[in-house]
Amino acid sequence: MRTIAHEKYEAVIGLEVHAQLLTKSKAFAPVTIEYGGAPNTQVTPLCLGHPGTLPVINENLVRYIIKMGLATGCSVARKSIFARKNYFYPDLPKGYQISQYDTPICYDGAINIELEEYDKTIGLTRIHMEEDAGKSIHDQDPYNTLVDLNRAGTPLIEIVSEPDIRTPQEAYAYLSKIKQIVQYLEICDGNMEEGSLRCDANVSVRPRGREKFGTRTELKNMNSFRNVERAIHYEIYRQIDLIEDGGEVVQQTRLWDTSKMETRSMRSKEEAHDYRYFPEPDLPPIIVTDEMLEEIKEELPELADVRQKRFVEEYEMSEVDAVTLTDSKYLADYYEEVTEYLGNPKAASNIVLSEVLRVLNEQSIDIREFTIGADRLSELVKLKEDDKINSSALQKIFNKMLDGDKSAEEYAKEMNLIQVSDSGFLEPIVDEIISNNPDEVQRYKDGKKQLIGFFIGQAMKASKGKANPKLVKDLITEKLDN
Ligand code: ADP
Ligand code: MG
């Protein structure tokens with residue numbers, strides 16, 4: 001529970017985010033990375049740490065990290081080196097990870113986050129390159145731990161923030177922004193649940209107004225943005241309560257336990273690794289030339305903020321709609337495909353913002369998993385634009401298309417929803433409604449013009465939803481207004 005004591009403190013948070021890069025091959029070995037391969041099928045002698053093997057840098061690793069650096073306003077070091085980070089672990093056969101230590105390739109950047117009540121800039125200390133370790137598997141064999149080295153040597157970037165974050169909500173917004181940027185740059189798929197983004201959170205508290213930071217703990221093992229937010233929240237209150245009770249925070253690594261919703265100690269500072277970093281002797285320094293930097297700048301795609309402004313201008317939509325549609329690159333791409341097909345930005349945003357987003361929310365899925373592709377959706381909207389179906393038919397067909405792969409037109413025919421715009425068919429229906437409802441006709445003639453809705457409703461019902469409502473309206477007014 002939040003108390004007055006809690007109000008006296010302020011939290012200080014810094015995040016270390018690892019992003020797995022979407023390069024086709026590993027960081028230092030010519031082996032293709034394919035998701036879901038059988039264990040230990042994507043390995044070379046280098047990944048196994050065999051003596052005599054030598055690493056060779058994947059040029060895309062350097063290009064991708066520079067893209068990230070440029071997109072976040074970092075300075076790019078013209079010369080930086082790799083370092084060995086030494087530790088022993090069964091999933092690390094070489095006995096060290098190739099990383100960067102005191103010369104990160106990108107440094108001094110910033111990420112802007114937007115919260116409901118304010119915007120804020122979070123400083124980036126550095127972004128550096130490293131390789132991933134393999135994976136120990138503890139739950140497949142009752143007696144032994146198994147090891148899969150497919151992941152050993154896959155390329156990562158580590159993005160280290162300044163301790164500028166003050167609340168769990170800011171941490172959440174910061175992570176969302178990183179995900180958005182890496183997806184726009186197409187350098188990482190940004191999925192934290194699947195481990196392609198990972199986050200360690202450093203948390204400390206201090207009395208408000210004091211400049212000196214408190215002792216921090218480092219939180220690990222959160223596998224979603226929500227859990228990062230929860231773990232930080234839990235940890236802030238744990239630390240404040242501890243201090244208020246006369247205790248002291250000890251520097252330690254703590255693990256988030258999702259089922260208990262709490263953090264617990266994993267190791268203290270005394271047990272912390274001493275990695276004995278030293279320069280990697282097998283790799284030359286990375287030299288970034290003016291030419292290379294210019295070339296990468298040219299390749300940078302349109303990022304979310306710019307795209308959002310363009311949507312407002314080019315498609316004449318509100319800023320709120322533009323923010324929603326450009327939040328994910330994939331949703332923005334989808335929207336633009338529909339718009340291009342229809343030649344009508346408004347019709348496209350109407351359906352994407354209503355029906356499509358409703359389904360994405362209901363099913364908690366990404367647009368990439370949505371079953372109606374941009375082309376099929378466009379055909380559906382086109383039927384309506386061409387007056388071949390009415391809006392209630394559009395809804396019905398849309399729902400049907402979610403679970404089937406036929407085209408909108410096929411469903412429209414199958415469900416008998418092609419709109420009737422033939423007055424020869426509609427006129428007798430309208431005549432019958434008029435003669436069956438003399439009271440309503442009288443009131444309409446006496447000036448209660450809203451009754452038009454009643455007549456249209458009756459005609460739609462009588463035609464089983466197939467009548468073109470506009471034509472029905474014309475027919476009725478023609479008959480009653482003279
Ligand atoms: P390490 O390599 O031991 O994790 P770093 O100096 O790289 O240490 O810092 C890691 C992260 O911790 C950075 O994001 C930094 O902003 C953050 N940080 C440093 N001091 C504090 C503190 N007192 N409270 C909260 N976060 C901190
Ligand atoms: Mg750390």
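Bear in mind the structure is a predicted one, so any value in this text is a computation, not a measurement. Remember, it's 1-based here, ligands and their atoms both numbered in the order they're listed. One is the number of the first residue; the rest follow in order along the sequence. Computed over heavy atoms, backbone and side chain alike; hydrogens, waters and symmetry mates excluded.
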- Query: Between G214 and ligand 1, does any nitrogen or oxygen pair lie at a separation below 3.5 Å?
  - Reply: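 Yes, there is a polar N/O contact under 3.5 Å.
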- Query: Is the closest N or O pair between P163 and ligand 1 shorter than 3.5 Å?
  - Reply: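 Yes, P163 has an N/O under 3.5 Å of an N/O on ligand 1.
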- Query: Which is it for N202 and ligand 1 at heavy atoms under 4.0 Å: side chain, backbone, both or neither?
  - Reply: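 N202 to ligand 1: contacts from backbone and side chain alike.
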- Query: What do we get for L15 next to ligand 1 when only non-hydrogen atoms under 4.0 Å count, side chain, backbone, both or neither?
  - Reply: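 Looking at L15 and ligand 1, just backbone atoms fall under 4.0 Å.
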- Give the ring-plane orientation class for Y275 versus Y277, where under 30° counts as parallel, over 60° as perpendicular and anything between as tilted.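 The rings of Y275 and Y277 stand perpendicular, inter-plane angle above 60°.
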salt_bridge([X], [Y]) N-O dist < 4.0 Å:
X    : Y    : value
D148 : K135 : no
K120 : D164 : no
K297 : D290 : no

- Query: Among K85, R84, K26, K94, whose salt bridge (Lys or Arg N to Asp or Glu O under 4.0 Å) with E131 holds?
  - Reply: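 Among K85, R84, K26, K94, the one that satisfies the salt bridge (Lys or Arg N to Asp or Glu O under 4.0 Å) with E131 is K94.
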- Item | Of D333, T326, D327, the residue whose pairing with K329 passes side chain to side chain donor-acceptor pair (under 3.5 Å) |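 Looking at D333, T326, D327, the match for K329 under the side chain to side chain donor-acceptor pair (under 3.5 Å) is D333.
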- With salt bridge (charged side-chain N to carboxylate O under 4.0 Å, His left out) as the test, would you mind laying out the steps for R358 and E355 before giving the verdict? CA-CA 5 Å; R358 176 179 59 77; E355 299 305 310; 2.8 Å; yes
- Item | Among E218, E16, R216, R206, closest by any non-hydrogen atom to atom 6 (O) of ligand 1 |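 Shortest heavy-atom distance from atom 6 (O) of ligand 1: R216.
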Considering the heavy atoms of [X], write down every atom of ligand 1 situated less than 4.0 Å from one of them.
X    : value
V12  : 24 (N), 25 (C)
V160 : 13 (C), 14 (O)
E162 : 16 (O)
F213 : 23 (N)

